[in-house]
Q: 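Take a look at this one; I'll ask things after.
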Amino acid sequence: MAKEETTSGGYDFTGIEAKWQKRWDQEQTFKTLEDPKKPKYYILDMFPYPSGDGLHVGHIEGYTATDIVARYKRMRGFCVLHPMGWDAFGLPAEQYAIKTGQHPRVTTRHNVGRFRDQIKRVGLSYDWSREIDTTDPDYYKWTQWIFLKLFERGLAYQSFEPVNWCPELGTVLANEEVIDGKSEVGGFPVFKKPLRQWVLKITAYAERLLEDLDLLDWPESLKDMQRHWIGKSLGAKVTFKVKPAASGATDHFEVFTTRPDTLFGATFCVLAPEHPLVAKITTQQQKSAVENYVHQAAQKSDRDRTSQPGSSSGSGSTSGTLDKTGVFTGAMAVNPANGQEIPIWIADYVLMSYGSGAIMAVPAHDERDHAFAKQFNLPIKRVLKGGEDDIQKAAHCGDGILINSDFLNDLDKTQAIATMVKWLESKNLGHGAVTYKLRDWLFSRQRYWGEPFPLALDKDGQAVPIAEGDLPVLLPEMDDFKPTRDADPPLARAHAAWSEVKLGDKILKRETNVMPQWAGSCWYYLRFLDPKNKNQFCDLDKEKYWMPVDLYVGGAEHAVLHLLYARFWHKVLFDAGLVTTKEPFLKLVHPGTVLGENNEKMSKSRGNVVNPDDIVREYGADTLRLFEMFMGPLTATKPWQTAGISGVHRFLRRVIRIGSSDEVGAGPTLHDGAENEEVLRALHKTIRKVTEDLENLSFNTAIAAMMELVNVFYKQKSIAKDSYGSLLLILAPFAPHLAEELWEKRALPHPQDKSIPHHGRSITFVPWPSFLEALTVDTDIVLAVQVNGKLRGDLRCPKDLAKEEIFGRAKALEAVKRHIEGKTIVKEIYVPGKIVSLVVKE
Ligand code: ANZ
């Protein structure tokens, strides 16, 4: 649409929006009120990583939704906490700095400035006095402090296990950051490499992270992703003895199985190539083949070892039916159930990181074992009824009555599992066991742009915590901050004044790894409660008042990263008595993706990115907000359609024309009297609809209802000022600048609530309009009246009017009278709620 058409005609959105944004800023309209006598509402957006690209329309979708709710709740008398901040440490920020040849501190400051400006221009009602930035030393001091709490509780430890090493990024990555053997950021290959690392013991919280999902009002699909990632399996551990070697050594190993009922069908065992027993039991003859295989397996990620090619599903799942590879160790194990000697193989489909790193293979009833047995010609022994007749053809997975299994014969799966576990326990050969797929969280990165660890290392490599009084450990200024391909962190090159710590008479070296980008976002929602506190990360009284977060809105891409990590830290803080709620985020909503006009993901390379700044310039922020909410349900994926913008823009212009004497004219006038019943009913119905829709986050239907109301207004010559005021109030959360402007211009009253310091000059604290239930239900019906089968008129009457009365009124209608006068009515028919039919004779 041409610019003239949008700015002319009395809608000077640029002027109006600038005026109100300035006033909100000056009067600190959105400064958080904290009144223990009033209900609270904490509404949080996932704070953005301030990328170099600025805000996109996807950000604005979620931010507008939360802003509408925040504004609505304020009008309903809640104390609302609605803050914004910047998740500015981490890999993407550092990569952007490298790409643009600048220091990440510079690019971050610049990008944050741009994001803040853009957000302000959309009229989002954040309390800017609470802005936080994870790269600010006053903030990361407390990230380090919380890390020390984890360390003190034995939840942070050093590990030397092989980790996911990404040479291209020059850092290790957490399992959650590796997808199909590639880095989540950048898609670079990831390899296993043994490196000293810091690891957080999230596995100690596996059960609670799983159980407490039941406390949350989150999308079920998201909870399922977390359940799947935690991956709890019930089963048993069974001890297998290794047949004594010539040396006479008696070794044994444990397997984890979810199917102890199938033990009689175990025809071989498989150890993970990294299993500590491998080197010990391998016979001389098999030695070189085994060593070769172990070396090859070390090059692959767990995901490569277990998943189908091209699949990107799930966590470290132990499923997958790729062509199996493996090598015989030359050693034999003894099946504890029947004393049979079975071969011990190694194969990379068995992961060292799951269960006990060893399995009993039951090829008749497990697909992977079946494929392996076929490949290497190993025996397949059926112990369950069902499936294919010929068990050599395919495994029969699932349930079945037990056969070929001695004391388990004729039992079903559940009975057989219970009986076998009892038997194993009585013989001291095993026990019931639970395993989780969740791994401990790899928490160190060999990068520059992150929180330094508050630790120093002594000459033996033992970590010593930095005293609380010496926090924050500042990130040293370094011009050359680039990572290396050889895994030495950039901080290892920092000057001695930074890297050496004096402890008594000893000089220790600081830890030179940094924390991953998730650290700052693990607890930011708590800092918003008390962002300026110099003595604590957050005052407990404030925590008690505001927590938990009532509504959290943000992208689904964080399902198992941020949302799992933050829950974990929160639980640690809960155990330490530092917070009082078990869970941080009560209700969570993912806004749907906004696609480009061509229904494809918006991306620079596709050239379909819509820049919100352009829309604000051409149509105004109110139109942008309204349009983004009108595109469809919040959680739906939907394409951007520029053509639809003019529709909502026109709607706003119609709102302006009501009662306007100067500009575009043509709307109904305003009067000070009482409203007529038809308009009053439409108004109360709309207030009800918008209220209910806001409670359900159904913004598009609320907007549609307001549009209908405006249509009803336009059928009148004049409407009551009160009715117009109510329309402005329900519109205010959606199009706040225009609502403020019209409220002021039409001289509608501001409340005089002295308990609100910045009342008075804003629509923000005008109470939300109420509706009368009686006015929202339809009591009238309209009936068609026929005479001899021909439609002669409409009868409007109360729904519950008696039949006789209906006939009487129908006959009295002018249009009907003419056709029945002087004639005899021979039949009167009433189809309830629809038709009155009269049959007459001349
Ligand atoms: C014998 C058996 C028989 C199994 C049968 C399954 C079916 P989930 O459900 O994913 O927990 N397993 C155990 N540890 C493993 C490891 N480190 N790497 C790869 N596979 C491993 O899977 C549990 C099953 O996966 C276990 O139960 C074991 O195979 C295998 F008819 O034991 B089962």
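What you see is a predicted model, and the numbers here were worked out from it, not measured in a lab. Remember, it's 1-based here, ligands and their atoms both numbered in the order they're listed.
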Q: Evaluate H365 for polar contact with ligand 1, using N/O atom pairs at a separation under 3.5 Å.
A: no

Q: Who gets closest to atom 29 (O) of ligand 1 by heavy atom: K232, E367, R368, R259?
A: R368

Q: Measuring from the heavy atoms of M352, does anything fall under 4.0 Å of ligand 1?
A: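 Judged by the 4.0 Å heavy-atom criterion, M352 does not count as contacting ligand 1.
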
Q: Could you check, using the six-membered ring where one of them is a Trp, whether F407 and F264 have ring centers closer than 6.0 angstrom?
A: yes

Q: Quick test of your reading of the model: are E211 and R208 salt-bridged, counting only N-O distances below 4.0 Å?
A: no

Q: Is the distance between the ring centroids of Y525 and F585 under 6.0 Å?
A: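 Distance test on ring centres: under 6.0 Å, yes.
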
Q: Provide the number and element of each atom of ligand 1 under 4.0 Å from a heavy atom of K437.
A: 8 (P), 10 (O), 11 (O)

Q: What atoms of ligand 1 come closer than 4.0 angstrom to any heavy atom of Y349?
A: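 Answer for ligand 1: 18 (N), 19 (C).
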
Q: Ignoring hydrogens, just give me the one of I359, V238, D366, L384 whose non-hydrogen atom is nearest atom 6 (C) of ligand 1.
A: D366

Q: Can you sort out which atoms of ligand 1 are near S233, meaning under 4.0 Å from one of its heavy atoms?
A: 8 (P), 9 (O), 11 (O)

Q: Is it the side chain (CB and beyond), the backbone, both or neither of T262 that lies under 4.0 Å from ligand 1, heavy atoms counted?
A: side chain

Q: Under 4.0 Å between a Lys/Arg side-chain N and an Asp/Glu carboxylate O for E388 and R382?
A: no

Q: So is G355 in contact with ligand 1, going by heavy-atom distances below 4.0 Å?
A: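 Judged by the 4.0 Å heavy-atom criterion, G355 does not count as contacting ligand 1.
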
Q: Run the side-chain donor-acceptor check on residues 265-274: report pairs under 3.5 Å with partners two or more places apart or on a different chain.
A:
| from | atom 1 | to | atom 2 | distance (Å) |
| --- | --- | --- | --- | --- |
| T267 | OG1 | P379 | O | 2.7 |
| E274 | OE2 | R305 | NH1 | 2.6 |

Q: Output the list of atoms in ligand 1 that are nearer than 4.0 Å to some heavy atom of M360, sorted by atom number.
A: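 So the answer, numbered in order with elements, is 1 (C), 32 (O).
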
Q: Between E220 and R227 (salt bridge meaning N to carboxylate O under 4.0 Å), is one present in this structure?
A: yes

Q: Between R259 and D261, is there a side-chain N and carboxylate O pair less than 4.0 Å apart?
A: yes

Q: Name every donor-acceptor pair, under 3.5 Å, that has one atom in a side chain of residues 230-241 and the other anywhere in the protein, sequence neighbours excluded.
A:
| from | atom 1 | to | atom 2 | distance (Å) |
| --- | --- | --- | --- | --- |
| K232 | NZ | E207 | OE1 | 3.0 |
| K232 | NZ | E207 | OE2 | 3.1 |
| S233 | OG | Y354 | OH | 3.2 |

Q: For T257, which part has a heavy atom under 4.0 Å from ligand 1: side chain, backbone, both, or neither?
A: both

